[in-house]
Protein chains: 2
Amino acid sequence: MRVVIARCAARYTGRLSAHLPLATRAIMVKADGSVLLHSDGGSYKPLNWMSPPCTLRSSSVTEEAAERGVTEVWVVQHDKTDDRLEIELHEVLSDTEHELGVDPGLIKDGVEAHLQELLAAQITILGDGHTLVRREYMTAIGPVDILAKDGGGASVAVEIKRRGEIDGVEQLTRYLELMNRDPLLAPVQGVFAAQEIKPQARVLAEDRGIRCVLLDYEAMKGDIDLSDRLF
Amino acid sequence: MRVVIARCAARYTGRLSAHLPLATRAIMVKADGSVLLHSDGGSYKPLNWMSPPCTLRSSSVTEEAAERGVTEVWVVQHDKTDDRLEIELHEVLSDTEHELGVDPGLIKDGVEAHLQELLAAQITILGDGHTLVRREYMTAIGPVDILAKDGGGASVAVEIKRRGEIDGVEQLTRYLELMNRDPLLAPVQGVFAAQEIKPQARVLAEDRGIRCVLLDYEAMKGDIDLSDRLF
DNA sequence: CGCTTTATGTCGAAC
DNA sequence: GTTCGACGTAAAGCG
């Protein structure tokens with residue numbers, strides 16, 4: 001990875017045309033040739049960039065550009081599309097390069113999938129007598145996270161989120177509406193299960209007769225680890 | 001902006017829990033306190049990050065951590081949520097800081113809105129005798145980019161894209177279907193206008209009786225500049 | 001300030 | 001390879 005701190009201007013053409021006026025920025029050139037132009041604020045999104053696969057070439061500085069103070073021109077051309085990023089370097093304040101090697105990448109621990117797995121394995125969290133029918137129960141509009149039956153044999157549809165917000169309740173509502181039209185399933189009780197449920201989401205869910213269940217991820221994981229150890 | 005190249009591991013908790021195993025990475029600390037952890041590949045998105053407003057604190061290294069080779073621990077805590085990023089530094093290979101100043105930011109030239117503006121101002125690009133009815137003509141399912149009338153007074157609905165692909169044709173098709181049910185508008189002719197039209201999109205559009213018009217952005221802009229100069 | 005729509009979205013998984 | 005939906009979506013526009 002090469003990191004250049006420089007006064008620079010840039011121009012991008014591709015899905016849109018845009019330009020960056022002259023200012024001091026951090027330019028990151030990754031091993032795969034991709035380029036990121038960062039300012040000293042804002043979000044994780046660069047001001048301008050080129051995604052791989054792409055090729056960086058140093059282009060000649062025209063006389064006109066040299067007069068404007070340009071010392072170097074980089075052209076980053078995407079290999080498959082006509083996206084192109086041109087960077088005019090006016091003054092390089094720092095230019096360093098480091099060997100980083102391959103990154104093992106981010107490992108997500110608490111995703112919905114894992115919560116689903118844990119809840120499926122401990123379905124009685126929903127209440128005594130509950131039994132799992134199946135995970136990812138398919139409906140015409142998508143899969144319901146968990147389909148279960150309560151102690152009395154009635155269907156229970158569970159929507160799982162890490163953070164329970166209104167859109168999760170809406171999603172479950174759509175599933176319930178559809179499933180309750182199926183005489184083999186109806187009546188279907190809705191359960192909104194999450195590690196954290198926003199007050200607005202809770203109000204909406206309960207207003208619609210959907211039960212809210214808070215999931216304790218650490219406790220659930222601990223129980224599984226414990227049962228693993230017992231077997 | 002501070003750029004640190006270091007062997008490090010990280011852990012994020014917030015909307016999800018995730019961790020990064022030990023590896024060499026580039027750590028960017030921006031003036032507003034936000035932190036980006038970049039690997040030497042992938043896209044502009046960091047492996048892990050903390051968005052502003054947030055605060056970076058150096059935390060004490062526990063004895064246990066020191067034994068694992070940790071020399072420094074950074075805790076980046078979001079100021080408004082419970083999002084938190086912890087970075088364990090094992091070996092700092094480089095640590096530099098530069099004053100970048102405020103960035104003027106990216107200026108976009110060729111967005112769809114601008115194309116719409118230009119086409120509205122030069123509506124005869126669609127053909128002699130065409131007149132503009134209005135931009136952003138509202139329908140029940142959303143706004144049509146441009147509604148015009150042709151030389152014979154028949155309605156023309158225009159969908160504008162920078163790059164014309166199939167989903168744009170689908171979008172226009174939905175509008176046309178709806179508008180053709182309105183006796184005050186029908187019959188409505190569809191025009192798919194874009195700087196670039198993908199072959200598949202062109203075939204689909206023409207199969208549905210939708211006319212394709214290529215827009216020359218530079219020429220359109222030039223004409224406006226020219227007319228500006230004349231007035 | 002909260003809500004909606006857009007994005008050079010990116011990313012991963014199913015088909 | 002393409003399409004689809006989720007995302008720590010983020011960011012801009014608007015009432």
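Chain letters run A, B, ... following the sequence lines, proteins first and then strands; every chain starts at 1. Just so it is clear, the model here is predicted, and its values are computed rather than measured.
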(message) The side chain of A:Gln171 is closest to which nucleotide in this list: D:dA6, D:dA10, C:dG9?
(response) D:dA6

(request) Using the closest heavy atom to pick a nucleotide of DNA chain D for each, name whichever of A:Leu106 or A:Lys45 lands nearer the 5' end. (result) A:Leu106

(request) Using a heavy-atom cut-off of under 4.0 Å over every strand shown, decide if B:Tyr44 touches base, sugar-phosphate, or nothing. (result) sugar-phosphate

(request) Mind checking A:Met50 for me? I need base, sugar-phosphate or nothing, with any heavy atom below 4.0 Å counting as a touch. (result) nothing

(request) Considering only atom P, compute the distance from D:dG8 to C:dT6 and round it to an integer number of Å. (result) 22 Å

(message) My understanding is that only one of A:Ile87, A:Leu89, A:Val4 makes a side chain to side chain contact (heavy atoms under 4.5 Å, CB included) with A:Glu72; could you say which?
(response) A:Leu89

Distance check needed: [N] [atom2] versus [X] [atom1], whole Å only.
X: A:Leu16; N: D:dA12; atom1: CG; atom2: C1'; answer: 14 Å
X: B:Leu37; N: D:dG8; atom1: CG; atom2: C1'; answer: 14 Å
X: B:Gln77; N: D:dG8; atom1: CD; atom2: P; answer: 18 Å
X: B:Asp79; N: D:dG8; atom1: CG; atom2: P; answer: 21 Å
X: A:Asp32; N: C:dT10; atom1: CG; atom2: P; answer: 14 Å
X: A:His78; N: C:dT10; atom1: NE2; atom2: C1'; answer: 13 Å
X: A:Asp83; N: C:dG9; atom1: CG; atom2: P; answer: 9 Å
X: B:Glu159; N: C:dT6; atom1: CD; atom2: P; answer: 10 Å

At less than 4.0 Å, is any side-chain N or O atom of [X] found next to OP1 or OP2 of [N]? Yes or no.
X: A:Trp49; N: C:dT10; value: yes
X: B:Thr81; N: D:dG8; value: no
X: B:Arg11; N: D:dG8; value: no
X: B:Arg84; N: D:dG8; value: no

Modelled atom types, side-chain donor and acceptor of [X] and [Y], under 3.5 Å:
X: B:Asp145; Y: B:Tyr137; result: no
X: A:Gln77; Y: A:Arg57; result: no
X: A:Lys108; Y: B:His19; result: no
X: B:Arg208; Y: B:Thr173; result: yes

